[in-house]
Amino acid sequence: MDPRKCAQEVLRCKLCGTSGPAFYCEVCRFYICARCVGNHLLDESKDHKVVPFERRKFIPIFPTCSKHTPKQCDLHCEQCNIPICTRCVSSYDHLGHKADDIMITFQRKKEILQQDLEELENFLPKCHEVVSKIKHQITTINEGFLELSNEIEQRGKDFHREIETIIERNKSEIINMHKKYLAAMEKQEKQINNVIAEITHNISDLNNVLDSDDFYLVSAYNSKKDSFQSSIPKLKITFPSFCIQYINKEQLCEQFGSLSSGSITTEHCDLIEHPGVTSPPLDKPLLAQPKNLSCTNTGYCCLYRVVCVSDKRMWTIGNSSFIKLYNIQGELLDSIKTKSWNVPSDIALSVSEDLVFTDYYDRSVNVIKGNRIEKVVKLLTWRPLNVCSTLSGDLLVTLIRDDKKQSQIVRYSGSTEKQIIQFDDEGKPLFSTAQLGAICENRNLNICVIDIEACAIVVVNQAGKLRFKYTGPDSESTSEKSFDPVGISTDSQSQILVADYDNNRIHIVDQNGHFLCFIDKCDMRHPYGLYVDVGDNLYVTEFDRGQVKKIQYHM
């Protein structure tokens, strides 16, 4: 036990046991009284260093060399990372190795330990802070999942209520039909009873005439038999039946709603501060006057969409069954023809930078790997329109049903359907019956899609709940043409950019649907497709010019 750390330990001379020793041997590391100092120094096996008790120093305890006992280790081999003695230096095991003074190595290690101690002591409160936040997050998660369960339970009650309403309506119809049938039967019974009474009376009259010998009475008789037969009502009854319809589970699930997959991501959180390391600024101010950086001529008569694989190469689609790769100078680098020879509806880049395209007439979503086209989704009663890739690696595809009466967004993981977005909490369609336009996922995981018929941008969260609809700035002049959205993209600031075809401009909207500004001074005509690269440069396709403009709109 270290005597400096124990106030209650009684110090005694190592040799005679006398309490309160006045000296300390720094080599042997024990206390000695004044009477025993002389005898201790007579021991010549060690170079003793006896000092007064008050001036004692605690020198590190170095081990004895395991190969040259009792030689004490006074060096440290860096290559072997072990303490050695002076005789070990010249041995075969450590020949050519670098050996430092063991005291220097000891002090260096002590400094590292001290630094680690300080950092860990600073780190510990931050860990406790993270634990506190996790507990708060657990509470939030519990509340969120409870709310989610309650929503589903309430949805179930809504379904049950609607089913009960249908049952009660049918039962009410049965009761009314029952009453109607009974009334008809009772009426018929009454009519027949009246006929029976008349026939009974007529039989009595006939018996009286037969018993009579009066010629005039017999000759005056007129038969009523035919009239009785014609007066009996003939009631034809067709009994109602209950026509059971097949329960379409797919449509039932669509009506009920579906759970999004959610996500759990792990981010490295560096809680230990490192001097000189700063985070980049989050906000990038918008330029008052955006700049045209380049203009690429693609040769298309009608140019639809563009996606960039770098700041110098871009894939494009237009009025052709070829998907074409151009450099920024407009030189054709590659082209891929669709297997069906159909014009692609839309293109996107997956997280692995594979090209994805939709084929409306072939009812398929396809991925191009190298020069090979793979069909990942094949539809039956729906047709794919637009597509985008998500941060999680899923694909979001807008679909329209064959009868053009329903539109929806479907999330695919590979070929697996994970989520359908079509109805709000009340079971009403989120979108118009006409087809949806371009689609993209924002950095905040919101899904932004163009509702062509409504001339609106519809934004839902990851779970498919409606956040807002953007239909143009409130201050828009009445003399201008109505908002005509055709292309959409988002940037690193979660801002939404929308191509306004008829008005020859781009709307910039924040992530909450508030209008920020226009890009309308860059000689644009009929902007159609939009793409924002990692550097927040905007690429705009001009529909009838066949050009791609690269625009800088951030500082």
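The analysis underlying the following values was restricted to heavy atoms, covering all of them including side chains, and did not include hydrogens, waters or symmetry mates.
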* Can you tell me if N292 uses its side chain to pair, donor with acceptor, with the backbone of C522 under 3.5 Å? -> yes
* Given side chains that start at C-beta, do those of V460 and N446 come closer than 4.5 Å, heavy atoms only? -> no
* Asked: Taking the inter-plane angle between the rings of H40 and F30 on a 0 to 90° scale, is it parallel (under 30°), tilted (30 to 60°) or perpendicular (over 60°)?
  -> perpendicular
* Asked: Just wondering, do W315 and D334 contact through their side chains at under 4.5 Å, heavy atoms?
  -> yes
* Structure fact -> Between T490 and C440 the two heavy atoms that sit nearest each other are CG2-SG, 3.7 Å
* Derivation of the salt bridge (charged side-chain N to carboxylate O under 4.0 Å, His left out) call for E374 and R372 -> CA-CA 6 Å; E374 297 180 5; R372 191 177 72 258; 2.4 Å; yes
* Validation row: R108, I104 side chains within 4.5 angstrom (heavy atoms) -> yes
* **Candidates F23, Y31, Y24 - the one meeting ring-ring contact (aromatic ring centres under 6.0 Å, His included) with F53** => Y31
* Are E129 and K133 close enough for a salt bridge, meaning some N to O gap below 4.0 Å? -> yes
* Which atoms form the tightest heavy-atom contact between I439 and C388, and what is the distance? -> O-CB, 3.4 Å
* To do: Please name the pair of heavy atoms, one in V307 and one in A348, separated by the smallest distance, quoted to 0.1 Å.
  => CG1-CA, 4.0 Å
* To do: Look only at the side chain of R467 and the backbone of Q511, and say whether a donor-acceptor pair between them is shorter than 3.5 Å.
  => yes
* Between the side chain of D536 and the main-chain N/O of S492, is any donor-acceptor distance below 3.5 Å? -> yes
* Least distance between heavy atoms, I506 atom then A499 atom -> CD1-CA, 3.8 Å
* Measure the shortest side-chain to side-chain distance between Y326 and L333 over non-hydrogen atoms and say whether it is less than 4.5 angstrom. => no
* Structure fact -> Tightest non-hydrogen contact, residues I496 and D510, listed as CD1-O, 4.0 Å
* salt bridge (charged side-chain N to carboxylate O under 4.0 Å, His left out) evaluation trace for R313 with E331 -> CA-CA 10 Å; R313 296 187 302 153; E331 297 171 337; over 6 Å; no
* **Heavy-atom check, side chain of Q422 versus side chain of P429, under 4.5 Å** => no
* Go through the side-chain N and O atoms of H514 and Y470 and say whether any donor and acceptor fall under 3.5 Å apart. => no
* Asked: Do L395 and T390 come within less than 4.5 Å of each other through their side chains, counting heavy atoms only?
  -> no
* Distance-only, no hydrogens or angles: does the S310 side chain make a donor-acceptor pair with backbone N or O of K312 under 3.5 Å? -> yes
* **Donor-acceptor contact below 3.5 Å, side chain E417 vs main chain V410** => no
* Beyond-backbone contact of V89 with H97, side-chain heavy atoms, under 4.5 angstrom -> no
* Find out whether I368 and D354 are in side-chain contact, i.e. whether some heavy atom of one side chain is under 4.5 Å from a heavy atom of the other. => no
* To do: Kindly give the heavy-atom pair with the smallest separation between M524 and R505, and that separation in Å.
  => CE-CA, 4.0 Å
